[in-house]
Amino acid sequence: MNGKWFLLVALMGLMAASAASAQSAATPAGAAAPRERIEPAATVVVAPFSTAKGVPPEYGMAVSEDVTSRALATGVLNTVHRKQLDAELARRDLVAEDLATAKDATPLARALGGHVVVIGKLSIERDELVGQIIVAPVDGGAISTDKVRGPVKNPVETLEKISLRALGLVAKLKDNPKLKEFGLARVRESAPGNPPRVAGAASEKALMAYVNCLESIVLQPLSGRVRRPVYYASLEVARGFCETAQRNDPSHAETLAVMAMLDVLLGSTAGSDRYLKAIPEGLNRPVMAELARFYELRNEAKDSEARDLLADVIRRRPGFLLARGYLAEHFIHRKDWPNAQAVLEDYLARSPRHPFVMGQLGYVKSKMGDTKAAVELTSDALKLDSSNPGLLLELGSRHIDAKEYKKAIPILAKLAENKKAPAEVLLRLGYAQLLDGDLKNAEDNLGKCLVRATSESDWRTRGRAYFDLAKISARRGDRESALRNLDNAVQAGFLEADIFRNDSDLKGLSSDDRFEKILSGKSMIGTDSAGDDDVPGQLKVY
């Protein structure tokens, strides 16, 4: 099964202030905080530039990173992190190379809340490196294009010129009627202080090494709920690239930030602190440095400090949308629904018409008991992005929350017809059928879910499927099967002891001595698909 269709992974301005998010983050659960008006800003989605024969793909990734970094540094724009872009590509079973034209790229950008999309292609013509740039408004209007040329022998300088020109083309969209509210005329090609440099700008060798190091890090789940890195082998590869990049450009802040993240992922707090201290403070501090410190605090179980860090990042860099997503996730994980709602509403105020965030706000509304508003919000999100399978899944889930199983099942069954649909679809379909009393079809679809849930990032889906199968077995009076499935759920990594103990279907199991052993994680009754090597993967990336 190709799990990239719309894999729910669960996942990424400097000058304007966004005190509202910081205030809501620091407010105790359930308390109302005063919230200032947040001015909307255009969200720019930058895809890695494609590369023609003879041009290293690292060049295309370097331009993308540089344009994104410079867009954030303008203080006028919102930016989409590579993790957010990669997550949406995976949901649609696409790769970056599929975004070669504005027609191809705008649907994906719209799903990410984008108002402007930047794509391009790098090629070599005689002795020149040529960058074809396309900047398109997502909701229609004139597209801006340009070509930038420079000597092949000095690619770093040429790539920087391409990046700067791309920002200039974004500013040219200032007269688009659908973008006028965002003040694109204020976009400048440089930022206050020291503007970000093209990755590894000291030399081509440093650039190549830095980009390869960064790519290995971006593969890793960076959410605070992840217990340990998923792809250890790639981290070892990343270390070699990082060290090469630093040798060739010792003061390159972006390299230091990625090396800090690498050490955090490998559990070396002393190493990460050393790299973070070497990075100058200021408006253009690399976002990876912020993420490294956030992840470090979460690893140390310093949740309140991690939360406050994100709130401060949002205050200083309101266009860094990934931080807003992680802060919302922080409150959602803790079931702090009022603060989760406040963060998501602020997210939408800063990046209007963001379909995925609207869907997540619908989820939070549902958890707060307003299932009608939840369904309406998710339906409104689908009006903006009608073909988004992830939003259809969310709508089906909101109907489940509203106990409207007859409405949820057809939506989820239609999604499940796609052979590339992720296991999560079958999980939700089976769950809806279970709640509707159709145990046979529920069991069948949960079994199919387990067949498809083979990737490391499907750990939670596997665990939930086994949990639901345990409920089915318990309803049928099959104690042994129920205990085996419950044990498999725990061994897959899904352990919600309070839910297990309070579930009405599982009440009859609590008198069995094995029940508490299973919840302790010590029992290995009939584990047939999950083991000690299973690790949580990525969460949703807003």
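Count residues from 1 along the sequence.
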### Query
Quick one: does Lys103's side chain get under 4.5 Å of Thr101's, heavy atoms only?
yes
### Message
Check whether Arg324 reaches the backbone of Phe320 with its side chain - one donor and one acceptor, N or O, closer than 3.5 Å.
### Response
no
### Query
Are Leu446 and Leu427 side-chain neighbours, meaning at least one heavy-atom pair lies under 4.5 Å?
yes
#### Entry: Matching residue for Gln433 among Asp444, Asn445, Asp468 - test: side chain to side chain donor-acceptor pair (under 3.5 Å)
Asn445
### Summary
Shortest non-hydrogen pair, Leu108 vs Leu85, comes out as CD2-CD1, 3.3 Å
### Query
Would a distance-only check, ignoring hydrogens and angles, find a side-chain to backbone donor-acceptor pair under 3.5 Å from Asn78 to Arg350?
yes
### Task
Please examine the side chains of Phe467 and Leu506, heavy atoms only from C-beta on, and report whether any two atoms are closer than 4.5 Å.
yes
#### Entry: Taking every non-hydrogen atom, the tightest pair across Thr79 and Leu72
CG2-N, 3.5 Å
### Query
Within a strict 4.5 Å, meaning less than it, do heavy atoms of the Arg398 and Glu376 side chains meet?
no
### Task
Indicate yes or no for a side-chain donor-acceptor contact from His115 to the backbone of Arg353 under 3.5 Å, with no hydrogens or angles considered.
no
### Query
Could Arg460 and Glu424 be called an ion pair, given the rule that one side-chain N must be under 4.0 Å from one carboxylate O?
no
#### Entry: Basic-acidic side-chain contact under 4.0 Å: Arg315, Asp312
yes
### Query
Any ion pair linking Asp385 and Arg92 (charged N to carboxylate O, less than 4.0 Å)?
yes
## Note on the structure
Nearest heavy-atom approach of Asp505 to Ala474 is O-CB, 3.2 Å
### Task
Determine, for Glu496 against Lys335, whether the closest basic-nitrogen to carboxylate-oxygen distance falls under 4.0 angstrom.
no
### Task
Say whether, by atom type as modelled, one donor and one acceptor occur between the side chain of Asn388 and the main chain of Gly390 under 3.5 angstrom.
yes
#### Entry: Main-chain N/O of Ala470 paired to Ser473 side chain as donor or acceptor, under 3.5 Å
no
### Query
When rounded to the nearest 0.5 angstrom, what distance separates CD in Gln341 from CG in Asp346?
10.5 Å
### Message
For Ser64, is there any backbone N or O sitting under 3.5 Å from a side-chain donor or acceptor partner on Thr68?
### Response
yes
### Residue pair Val44 / Val135, side-chain heavy-atom distance below 4.5 Å
no
## Note on the structure
d(Leu486 CG, Gln491 CD) to nearest 0.5 Å is 10.5 Å
### Query
What are the two closest heavy atoms between Pro352 and Ala41, and how far apart are they?
CD-O, 4.1 Å
### Query
Between Ile119 and Ala47, which heavy-atom pair has the shortest distance, and what is it?
CG2-CB, 4.0 Å
### Query
Is there a donor-acceptor contact under 3.5 Å from the side chain of His354 to the main chain of Leu112?
yes
#### Entry: Gap between atom OG1 of Thr371 and atom NZ of Lys367 - 0.5 Å precision
11.5 Å
## Note on the structure
Tested for side chain to side chain donor-acceptor pair (under 3.5 Å) against Asp303, the lone hit among His333, His330, Arg334 is Arg334
### Task
Determine the interplanar angle of the Trp337 and Tyr363 rings, folded into 0 to 90°, and report it as parallel if under 30°, tilted if 30 to 60°, perpendicular if over 60°.
perpendicular
### Summary
When Val375, Leu382, Leu377 are each screened for side chain to side chain contact (heavy atoms under 4.5 Å, CB included) with Ser379, the one that passes is Val375
### Message
Taking the ring of Tyr466 and the ring of Phe494, is the distance between their centroids below 6.0 Å?
### Response
no
### Query
Which distance, rounded to the nearest 0.5 Å, do you find between the CD1 of Ile411 and the CG of Leu415?
8.0 Å
### Query
So, does Lys178 use its side chain to make a donor-acceptor pair with the main chain of Asp139 at under 3.5 Å?
yes
### Query
Are any non-hydrogen side-chain atoms of Arg475 and Leu434 less than 4.5 angstrom apart?
yes
### Task
Would you check if the side chain of Ser366 reaches a backbone N or O of Gly362 as a donor-acceptor pair within less than 3.5 Å?
no
## Note on the structure
Heavy-atom closest pair (Arg82 atom, Glu215 atom, distance to 0.1 Å) is NH1-OE2, 2.7 Å
### Query
Does Asn488 use its side chain to pair, donor to acceptor, with the backbone of Arg462 at less than 3.5 Å?
no
### Query
Does Tyr431 OH have over 12 foreign heavy atoms under 6.0 Å away?
no
